[in-house]
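See below for the structure under consideration.
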Amino acid sequence: MTYTPYHPQSLEPALQQRWEAEGRFRAPAYPDGEKFYALAMFPYPSGQLHMGHVRNYSIVDAIARYQRMRGKTVLHPMGWDAFGLPAENAALKNGSAPAAWTFSNIEHMRGQLRRLGLSYDWSREIATCTPDYYRWEQWLFLKLYERGLVYQKLSAVNWDPVDQTVLANEQVVDGRGWRSGALVERREIRQWFLRISAYADELLAGLDSLQGQWPEQVLAMQRNWIGRSEGAEIHFPLADGSGVIKVFSTRPDTLFGATYLAVAPEHPLAEQAAAANAQIAAFLARCKQGAVSEASLETQEKEGVYLGIEVRHPLTGALLPVWAANFVLMGYGEGAVMSVPAHDQRDFEFARKYGLPLRVVIRVDDADPGADELQAAITAPGTLIHSADFDGLPSAVAKVAITEALAAKGLGQKTINYRLRDWGISRQRYWGTPIPMIHCPHCGVVPVPEAELPVVLPTHYQLHDPRSPLRDDPTFLEVACPKCGAAAQRETDTMDTFVESSWYYARFACPDAEQMLDQRAAAWLPVDQYVGGVEHAVLHLLYARFFNRLLRDVGLLPKDGAHDEPFRRLLTQGMVLKDGSKMSKSKGNTVDPQAILDRYGADTARLFILFAAPPEQSLEWSDQAVEGAHRFLQRIWRMVQEYSLPLTPLPVRLGPAARELRRAVHQCIERVSSNMAERQHFNVAIAACMELSNQLGRVEAAPGEDLHAVLGEGLQALLLLLSPFAPHLTEALWERIGDGQALFTHPWPEVDAEALRSDTVSLVIQVNGKLRERLDFSATSSPAELEQAVLTHPDMARHLSGKEVRKVIVVPGRLINIVVA
RNA sequence: GCCGGGAUGGCGGAAUUGGUAGACGCGCCGGACUCAAAAUCCGGUGGUGGUGACACCGUGUCGGUUCGACUCCGACUCUCGGUACCA
């Protein structure tokens, strides 16, 4: 018998070359039989593969390989999310050109992915920073512009007054620019938006169709993000008759409790008031300090200033003051809110701070607290008081009645409001897809004609400062107006990189199409299994759901209801931690996947990372546990090598030991199978394989004929079950004890129900819920027989003597609980 | 601030629907093999008390529902992700 030592460093690359040469994982243009599209969120080419990638791609590869063994035609592609900020940062730091830096990173990382033995169809590789890819994004932008789904409006950005540049939220640290250290200001600039709000209801309703297929928490986050709320638009006429202020409220039942209005600092009325009042102007100037992020706005001290303006209450006609307040967002509704301090906690605190009056108009119990005694706002619904004709109505009824009264006076109506805002896709950056628009002094905004696409991003610049070089390059900037021929300028804003990642999954189906998508996309979509980090739960996954509907509505995907959602099933993986915190260069706690590959090989890396935790949980890195995974693979290697060929067929009759071993084999098949398909807890699947290998390893050196046959069956099953996790080792061993069929398309093992059958069942016996005995019974006993048998069992006498049996609970196959007095 | 997760032995985790808490792995302890070591193999391993059979305690905290709670409900603590320009 020859014994080859386990040497993954040579074994794995050899197999990878063979797979490559055979084109083994190449998917056909159209699926042949049942299709399965497995997809990992494609990486940003930062330069080095990190453990989060290894985890993500090991999960998807295991699923893809499993589905191949289930006979599906699998599409499993990989590409690069190649535009973005880090390339510009690297360029500024090292003087490298963003394009060259990006492509050399891709080169390196592709090599690392190949070394992991992932079953990709590399012929479909995409890099989003190539004109072949982003030209279609520009094309779609023009289509959406025609349809009114693209528009420009003012919106706030973080402005670094020293570097004279716009900062990403990430680049603002404690209210200061990360490079300059200058206090950041909010500045309103004209930017491009996609009208995602037009799809708000559809995006919300679509979540119901994903129930059970997507993690519940992701569905909940998306629902809350869209934030549909029913309420009323209420008009407050300005006292001087110059117009109205419109507010949205979900609580029109509290309208009689409104004691003032608050508008955003950017609201035109606030700016008007500031023009004539230095104190107001100073307040508005102060509001411009700080970052634009919601977290920084929401956590700042609530402040406001009276604008010297009054409005009339739409139903009582009372005069109410108008304030400007830093917590009112211009981008939400009309940039104004009505304040009901007695029934809204934020308004309550604001009113107490500035001595504004409170009016209690809702009673939740019999008490009618005076405004002065309130310790906090009464936010629960209740019965109306001090509300004229509406007194005595419950909140729910009053909402409708008051809204109708407003509508009758032409001062409001029922409205549905969304928290979701339109998607601002303008970036004042270089390394992104150019927005295909031209600014003409005569014609205004003019789209680039379709025939002139793509607008190619020049790649020859040396970056010297954070400002986009496009703005200073006449060869890019200067262009004749397509309409009138006059000298005009190109738009220099580029697109948010979330645009690229919103449709790449569809392009993978037809990466060489001469249009954005062709019929192959409909054939492969939707993605059957999508896997990526939970940090993408809202933004990326919502934008992709939005884009999928845009692609459908411009005619690139069928409107058959089956193609509305891009990702049928979603798995959100947890982070990889070391010493309890996220691996990062700044913390110095990174583990380089390359070092693990060099030392232990890909199979060990993959097995460890799938075994260490269930995929959706965070994973704690452990060098020692990696060692353990490697030891397990070596044990399998040795066991198979030591098995004395040939494999023999199962005899008709098995002895007790062989029967027991065979039951273990099939229990393992059952456990692994259910964890591959439904639960996707690969750590449990691997644990089951380890358990089986322990049992197979305990078989005596010279087993009888029946044991030898079952051992062979068990070893074969073990290789098949482990092959999605450790594809190299199992394929090499399969050549020795396999059945001649190729492992990667070999049918997944089936459970033999006969093997699982057992004559006896071991039950736990509890007395008053506490474990007292474990007793064996015939597997065919009825509950009544079991109850009788337990109560009269000699071992039970000491637990039951002198006590009165009140109740006996029999849970078939599990336990018996005897309740005694 | 708001939205959504998480918390189980020394460590990572298991317990599929309310039914044996701690599978599997790591670590540690003991043993076998060896001149010795490494590797490998075998055994033990939640805590407390007891020579022992065994008993009691134990799933972040406090309370509740139930014959029975890691699991369901209420209140809280700590921690992580997102918060619209990191990807």
Side-chain angles (χ1 to χ4, degrees), chain A residues 41 43-44 46 81 84-86 89 157-158 166-172 191 215-225 227 292-300 302 327 331 346 419-429 496-498 501 533-540 542-543 572 574-575 577 580-582 608 611-614 616-629 631-632 634-635 638 671 674-675 678-679 681 683-684 686-691 694 697 762-771 774 806-809 811 813-820:
Chain A
M41 290 182 186
Y44 179 79
S46 58
D81 189 14
L85 206 48
N89 292 336
V157 293
N158 300 305
V166 174
L167 297 178
N169 286 332
E170 186 194 47
Q171 296 173 313
V172 179
Q191 308 201 70
E216 206 50 57
Q217 90 236 36
V218 175
L219 296 176
M221 280 190 268
Q222 292 219 352
R223 270 190 203 105
N224 293 334
W225 186 266
V292 294
S293 71
E294 193 195 42
S296 65
L297 289 171
E298 289 285 327
T299 51
Q300 69 188 351
K302 310 281 178 285
F327 56 84
R346 190 175 61 185
R419 204 187 78 95
L420 178 69
R421 308 197 296 261
D422 278 339
W423 178 9
I425 59 156
S426 277
R427 296 291 179 272
Q428 295 70 44
R429 289 194 219 302
D496 180 0
T497 56
F498 273 127
S501 55
V534 68
E535 65 273 20
H536 295 294
V538 178
L539 292 180
H540 161 60
L542 187 66
Y543 292 147
T572 50
M575 291 185 308
L577 310 177
S581 63
K582 190 177 175 173
F608 162 74
F611 177 62
E616 71 279 3
Q617 268 179 44
S618 61
L619 180 155
E620 179 66 31
W621 184 266
S622 159
D623 290 327
Q624 285 166 330
V626 173
E627 197 86 47
R631 270 205 294 269
F632 170 69
Q634 280 183 312
R635 200 149 52 232
R638 210 175 316 120
R671 249 178 116 192
S674 76
N675 275 296
E678 296 99 53
R679 286 224 310 155
H681 277 198
N683 58 327
V684 181
I686 293 166
C689 291
M690 290 174 166
E691 216 168 340
N694 288 342
S762 176
L763 293 184
V764 161
I765 313 303
Q766 297 182 333
V767 176
N768 284 347
K770 293 199 177 196
L771 178 90
R774 291 160 209 264
R806 287 268 176 86
K807 198 173 172 185
V808 179
I809 293 139
V811 183
R814 293 205 181 261
L815 58 67
I816 296 168
N817 187 14
I818 302 163
V819 185
V820 299

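Keep in mind that this is a model prediction, so the values were computed, not measured. Quick note: numbers below take in every heavy atom, side chains included, and nothing from hydrogens, waters or symmetry partners.
The distance between atom CD of A:E620 and atom C1' of B:rC26, rounded to the nearest whole Å, is 12 Å. The CD-C1' distance, from A:E298 to B:rU83, rounds to 10 Å in whole Å. In this entry the distance linking CG of A:L420 with P of B:rU83 reads 14 Å, nearest Å. A straight line from NE2 of A:H681 to C1' of B:rA23 spans 15 Å, rounded to a whole angstrom. As rounded to whole Å, 16 Å separates atom C1' of B:rC3 from atom CD of A:E535. Counting to the nearest Å, the C1' atom of B:rG6 and the CD atom of A:Q617 are 8 Å from each other.
Contact between the side-chain N/O atoms of A:R631 and the OP1/OP2 oxygens of B:rG27 is found at a separation under 4.0 Å. A close approach under 4.0 Å does occur between a side-chain nitrogen or oxygen of A:R427 and OP1 or OP2 of B:rC85. The shortest distance between the side-chain N/O atoms of A:K770 and the OP1/OP2 oxygens of B:rG19 is not below 4.0 Å. OP1 or OP2 of B:rA87 sits under 4.0 Å from a side-chain N or O of A:T497. In terms of phosphate contacts, A:N694 brings a side-chain nitrogen or oxygen within less than 4.0 Å of OP1 or OP2 of B:rG25. Close to B:rU16, at under 4.0 Å from its OP1 or OP2, lies no side-chain N or O of A:N675. Using a 4.0 Å cut-off, some side-chain N or O of A:N683 falls inside it from OP1 or OP2 of B:rA14.
A donor-acceptor contact under 3.5 angstrom links the side-chain atoms of A:Q428 to the base of B:rC85. At a cut-off of 3.5 angstrom, the base of B:rC67 holds at least one donor-acceptor pair with the side chain of A:N817. Residue side chain A:Q191 reaches the base of B:rC85 through a donor-acceptor N/O pair under 3.5 Å, judged by distance alone.
Under the Watson-Crick and G-U wobble criteria, each requiring two contacts below 3.5 Å, nucleotide B:rA32 is paired to B:rU40. In this structure B:rU66 sits in no base pair that meets the Watson-Crick or G-U test at under 3.5 Å. A 3.5 Å limit on both hydrogen-bonding distances identifies B:rG6 as the Watson-Crick or G-U partner of B:rC78. Across the strands present, B:rG52 finds no partner; the criterion is a Watson-Crick or G-U wobble pair with both atom distances under 3.5 angstrom. Partner assigned to B:rU71 is none, using Watson-Crick or G-U wobble distances below 3.5 angstrom.
Note on A:R814: only backbone sugar-phosphate atoms sit closer than 4.0 angstrom, heavy atoms only; bases stay farther off. In this structure, A:R223 reaches neither bases nor backbone, as no heavy-atom distance under 4.0 Å exists between it and the strands shown. At a threshold of 4.0 angstrom between heavy atoms, the contacts of A:P614 are confined to the sugar-phosphate backbone, with no base atom among them. Among the heavy atoms of the strands, none lies under 4.0 Å from A:W621. Base contact: A:T299 has a heavy atom under 4.0 Å from a base atom. Contacts of A:A537 with the nucleic acid, taken as non-hydrogen atoms under 4.0 Å apart, are absent. Note on A:V811: a base of the nucleic acid sits closer than 4.0 angstrom, heavy atoms only.
In summary, of the residues considered (A:E298, A:Q300, A:K302), a side chain to side chain contact (heavy atoms under 4.5 Å, CB included) with A:F327 occurs for A:K302 alone.
Classification of the A:H540-A:F498 ring pair by plane angle, with boundaries at 30° and 60°, yields parallel. Taking the six-membered ring for Trp and thresholds of 30 and 60 degrees, A:W423 and A:Y543 have nearly parallel ring planes, at less than 30 degrees apart.
Out of B:rG19, B:rG25, B:rC41, the shortest distance to the side chain of A:L815 is found at B:rG19. The side chain of A:Q217 lies closest to B:rG4, out of B:rC67, B:rG4, B:rC86. Each of B:rC85, B:rC41, B:rA87 was ranked by its minimum atom distance to the side chain of A:L539; first place goes to B:rA87. Listed nucleotides: B:rA14, B:rG4, B:rG19. Nearest to the side chain of A:A220: B:rG4.
Residue-to-nucleotide proximity on RNA chain B shows that, of A:N158 and A:M575, the 5′-proximal contact is made by A:M575.
Using a 4.0 Å cut-off between a side-chain N of Lys or Arg and a carboxylate O of Asp or Glu, A:R419 and A:E294 qualify as a salt bridge.
For the P atoms, the distance from B:rG12 to B:rC80 is 16 Å, rounded to whole Å. If you take atom C1' in B:rG46 and the same atom in B:rC70, they sit 15 Å apart, rounded to whole Å.
Applying the 90° criterion around 0 to the glycosidic angle, B:rG64 comes out anti.
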